[in-house]
Amino acid sequence: MGRQGNSIDYVDFSIARKAAFAQLRGEGEVDVGQIRLLKQNGVRVNYYEAATPEVARKLFLAGVDFPLVDDVALFLPVARELGIEPLPH
């Protein structure tokens with residue numbers, strides 16, 4: 001899984017290869033149609049990077065499975081708001 005950006009070629013390539021994951025990247029902008037297409041074909045979506053909690057919320061709501069963040073503690077309130085609880089440690 002290489003970070004290929006948000007091109008339709010990468011989306012099509014990931015689907016054709018029956019990839020388990022695709023990693024999109026950008027500055028918080030995401031093409032919901034591309035995410036929908038990936039998910040319809042069984043491809044889970046990582047996104048690099050979610051720089052703010054607001055961006056992470058937007059990505060989750062758009063269907064991204066795993067917004068990648070640098071400071072997990074900063075993003076926990078958004079995760080909880082969306083029904084995602086941290087694993088017990």
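This is a predicted model, so every value here is computed, not measured.
Contact of the Q23 side chain with the Y47 side chain is not registered, since no non-hydrogen atoms from C-beta on lie closer than 4.5 Å. Within the 4.5 Å cutoff, no side-chain heavy atoms of L24 are placed close to those of N46. For the pair V11/I8, a side-chain contact is recorded, criterion being any heavy-atom separation below 4.5 Å from C-beta on.
A side-chain donor-acceptor contact under 3.5 Å links D31 to the backbone of G33.
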Show me the donor-acceptor pairs, under 3.5 Å and distance only, between side chains in residues 72-86 and residues at least two apart or in other chains.
| from | atom 1 | to | atom 2 | distance (Å) |
| --- | --- | --- | --- | --- |
| E81 | OE1 | R57 | NH2 | 3.0 |
| E81 | OE2 | R57 | NE | 2.9 |

Run the side-chain donor-acceptor check on residues 60-70: report pairs under 3.5 Å with partners two or more places apart or on a different chain.
| from | atom 1 | to | atom 2 | distance (Å) |
| --- | --- | --- | --- | --- |
| D65 | OD1 | K39 | NZ | 3.0 |
| D65 | OD2 | V45 | N | 2.8 |

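The distance from the CG atom of L59 to the CD atom of E29 is 9.0 Å, given to the nearest 0.5 Å. Annotation: the span from I35 atom CD1 to R44 atom CZ amounts to 13.5 Å, rounded to 0.5 Å. Note: S14 OG to Q34 CD = 10.0 Å, rounded to the nearest 0.5 Å.
In this view, R17 and F13 satisfy the side chain to side chain contact (heavy atoms under 4.5 Å, CB included) rule, not counting sequence neighbours.
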